[in-house]
Amino acid sequence: MAVFYLLNLGCAKNLVEGEHLAGMLLAEGWLASERPEAADWLIVNTCGFIRPAVDEAIDNILELHDERRPGQRLAVVGCLVGRYGRKLARSLPEADLLVAPGRLGDLPALLAAPPAQRLAIAPPRAIFDAATPRALSTGPGWAYLRLSDGCRHRCHFCTIPAIRGPLRSRPAADILAEAEALAQSGVVELNLVAQDLSSYGHDRPDGPDLAALLPQIAAVPGVAWVRPLYLHPDVLETRLIRAICQTPGVLPYFDLPLQHLADPVLRAMGRRRTGAQLLALIDEIRAMRPEAVLRGTLLVGHPGEGAAEFTRLMRGVEEIAFDHLGAFAFCPEPGSRSARLPAPSPELAQERLETLMAAQRAISAGKLAAQVGQQLSLLAQGPHPDHPYVRWGRTWRQAPEVDGQTIVTDGDPAPGRIHLCRISASHDYDLEAVAVA
């Protein structure tokens with residue numbers, strides 16, 4: 001019986017695809033192994049969005065190749081293949097099979113009979129649906145639910161549309177069927193993901209948009225938390241903000257890839273809204289739900305960012321006071337419009353990134369300190385992976401994998417269930433809590 005080892009790299013959307021790949025193989029009678037040395041096929045599900053992700057993927061591929069035993073075969077699948085295709089096949093002879101996103105649904109057949117040229121590539125058209133087997137790798141009690149693939153935006157720094165294709169939204173009935181199946185398996189928190197969640201349904205004249213879909217997902221029996229992630233600020237409107245803020249069961253959590261706040265940089269990025277309009281969007285959210293969580297993503301060192309623009313960004317970060325923030329230094333990606341424009345040096349971009357994150361560290365520490373003494377709902381996760389005698393979880397204000405965590409210092413809340421806790425201490429990014437109920 002064939003055995004596979006699967007290494008998932010990249011974002012939550014990639015993780016969902018990896019879970020489907022594992023599910024399909026298991027349904028075909030394959031066995032999964034957590035040890036590469038025990039597998040017949042080593043499969044690397046790659047990210048190819050930015051240069052650091054490409055480097056990480058190549059490093060992992062070569063490491064598996066160097067350590068594999070005679071007879072083992074190596075498959076490279078996902079975005080890296082979708083981005084570089086035949087060029088990657090020529091430069092990576094270590095791979096026995098390369099599969100682009102448009103052919104991932106054929107993986108079991110391709111592993112059984114790899115094509116002579118090793119490369120399986122096609123434009124991305126489909127998206128895994130509720131009928132596609134899926135082996136959850138998250139939890140306990142939570143999972144990602146992917147609503148769409150592809151992107152309809154054309155941000156000048158981004159290669160996603162070229163890799164993943166145009167926006168393709170799943171039918172609402174199919175999404176709800178998967179949500180029901182996840183809930184029946186014990187999932188109480190659904191984290192909704194897509195390249196741009198706020199554009200869901202805009203390509204489907206026959207179906208709802210996200211504002212109409214959210215109440216339907218939240219009404220699925222067993223689902224307690226619905227967390228929307230990846231809301232593109234250029235198309236986030238009042239109706240969707242209201243749906244997130246006012247629908248019972250939907251967490252008032254706004255994950256906004258603003259990228260910048262200075263108008264010259266936003267124009268160079270191909271963004272449609274101005275810095276003032278983005279700040280007005282933040283004000284609208286907080287006016288509707290003052291306790292709403294704001295998570296931002298920013299990109300420093302992009303073309304158009306001089307000293308004045310960076311100062312404007314820093315001032316905006318202090319004004320907004322994000323609950324959580326991820327920031328990155330600009331990396332010119334071949335094929336993107338931004339790569340053809342003059343930009344600050346990588347050294348200056350890195351310096352600005354460190355300055356920005358130092359400011360955010362203080363903001364985050366202050367925001368978390370203000371939660372000490374509050375009672376918050378917490379999704380318990382059981383023993384901590386690094387400290388098995390310590391219990392941990394996430395409050396509703398903490399998204400999985402990207403935000404901090406909450407260490408439970410007193411009590412033993414059941415994993416995969418939502419409990420009430422009292423915040424007892426705070427750190428720069430994490431909390432401590434005592435289980436109450």
Side-chain angles (χ1 to χ4, degrees), residues 10-11 47-56 83 151-163 195-196 198 230-236 254-283 285 294-364 402 429:
C11 65
C47 175
F49 176 39
I50 55 176
R51 171 52 56 182
V54 172
D55 292 342
E56 180 189 17
R83 181 172 182 182
C151 187
R152 68 193 187 104
H153 302 289
R154 293 296 181 267
C155 300
H156 294 171
F157 56 85
C158 184
T159 58
I160 288 295
I163 300 172
Q195 264 74 30
D196 169 25
S198 48
Y230 311 111
L231 298 165
H232 197 296
D234 277 352
V235 292
L236 180 58
F254 290 83
D255 180 10
L256 304 173
L258 301 180
Q259 307 301 356
H260 218 280
L261 291 167
D263 290 348
V265 184
L266 290 167
R267 287 194 295 270
M269 289 178 168
R271 293 300 187 101
R272 297 199 294 272
R273 282 183 165 159
T274 65
Q277 289 172 323
L278 295 175
L279 291 174
L281 194 67
I282 301 295
D283 290 342
I285 292 170
L294 293 177
R295 175 176 179 81
T297 305
L298 298 175
L299 182 60
V300 300
H302 189 275
E305 185 188 81
E309 287 74 27
F310 181 67
T311 298
R312 177 70 189 90
L313 179 62
M314 288 293 297
R315 189 168 68 248
V317 167
E318 294 172 357
E319 180 180 344
I320 294 171
F322 292 101
D323 296 273
H324 310 286
L325 179 66
F328 305 89
F330 171 70
C331 182
E333 295 300 322
S336 68
R337 294 180 63 177
S338 294
R340 301 194 294 268
L341 300 174
S345 69
E347 295 76 16
L348 181 56
Q350 184 62 34
E351 179 184 324
R352 289 175 175 174
L353 175 62
E354 293 171 1
T355 300
L356 178 68
M357 292 311 295
Q360 175 59 30
R361 186 178 301 112
I363 293 170
S364 173
V402 292
Y429 297 110

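H232 is linked by a side-chain hydrogen bond (donor to acceptor under 3.5 Å, both in side chains) to nothing, counting only residues two or more places apart in sequence or in another chain. Applying the side-chain hydrogen bond (donor to acceptor under 3.5 Å, both in side chains) test to Q350 and every residue at least two apart in sequence or in another chain returns E354. Listed by chain and residue number, nothing satisfies the side chain to side chain contact (heavy atoms under 4.5 Å, CB included) test with A362 (two or more places apart in sequence, or in another chain).
Of the inter-residue distances, the one linking F254 atom CZ with I285 atom CD1 reads 4.5 Å to the nearest 0.5 angstrom. From L299, atom CG reaches atom CD of Q259 across 5.5 Å, with rounding to the nearest 0.5 Å. Atoms CZ and CG, on R152 and D234 in that order, are 9.5 Å from each other to the nearest 0.5 Å. L313 contributes atom CG, which lies 10.0 Å from atom CZ of R315 (distance to the nearest 0.5 angstrom). Put simply, CD1 on I282 and CG on L294 are 5.0 Å apart, with the number rounded to the nearest 0.5 Å. Atom OG of residue S338 and atom CG of residue L341 lie 6.0 Å apart, to the nearest 0.5 angstrom.
Listed by first then second residue, pairs satisfying salt bridge (Lys or Arg N to Asp or Glu O under 4.0 Å) with a partner in residues 263-277 read E237-R273, not counting sequence neighbours. Identified under the ring-ring contact (aromatic ring centres under 6.0 Å, His included) test for residues 306-328, with sequence neighbours left out: none. Screening residues 319-328 for salt bridge (Lys or Arg N to Asp or Glu O under 4.0 Å) gives D323-K367, D323-R397 as the qualifying pairs, with residues at least two apart or on separate chains.
Panel note: side chain E333, backbone R51; a donor-acceptor pair is recorded below 3.5 Å. A donor-acceptor pair under 3.5 Å is absent between the side-chain atoms of Q360 and the main chain of L356, judged by distance alone. Using a distance-only test at 3.5 Å, with no hydrogens or angles considered, a donor-acceptor pair links the side chain of T355 to the main chain of E351.
For the pair A349 and V300, the tightest heavy-atom approach, listed with the atom from each and the gap, is O-CG2, 3.6 Å. Closest of all the heavy-atom pairs between L281 and L236 is CD1-O, 3.5 Å. The minimum heavy-atom distance between G48 and I163, with the atom names listed, is O-CD1, 3.7 Å. Closest approach of P344 and H302 over heavy atoms only: CD-O, 3.6 Å. Counting all heavy atoms, side chain and backbone alike, P334 lies closest to T159 at O-CG2, 4.3 Å. Nearest heavy atom pair, residue V235 against residue H153, reads CG1-CE1, 3.8 Å.
Put simply, the side chain of D255 does not reach to within 4.5 Å of the side chain of L231, judged on heavy atoms. Proximity of S345 to L348: side-chain heavy atoms (C-beta onward) are separated by under 4.5 Å at one or more points. Side-chain contact check for P257 versus Y230: every heavy-atom pair is 4.5 Å or farther apart.
Of the candidates I320, L298, I363, L325 forms a side chain to side chain contact (heavy atoms under 4.5 Å, CB included) with just one, namely L298.
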So E309 and R352, salt bridge (charged side-chain N to carboxylate O under 4.0 Å, His left out) or not? Walk me through it.
-> CA-CA 11 Å; E309 287 74 27; R352 289 175 175 174; over 6 Å; no
Should F157 and S336 be marked as a side chain to side chain contact (heavy atoms under 4.5 Å, CB included) after you check the CA-CA gap, both sets of side-chain angles, and the distance that decides it?
-> CA-CA 6 Å; F157 56 85; S336 68; 5.5 Å; no
Is there a side chain to side chain contact (heavy atoms under 4.5 Å, CB included) between L266 and L278 once you walk through the steps?
-> CA-CA 11 Å; L266 290 167; L278 295 175; 4.0 Å; yes
So M269 and H156, side chain to side chain contact (heavy atoms under 4.5 Å, CB included) or not? Walk me through it.
-> CA-CA 5 Å; M269 289 178 168; H156 294 171; 5.5 Å; no
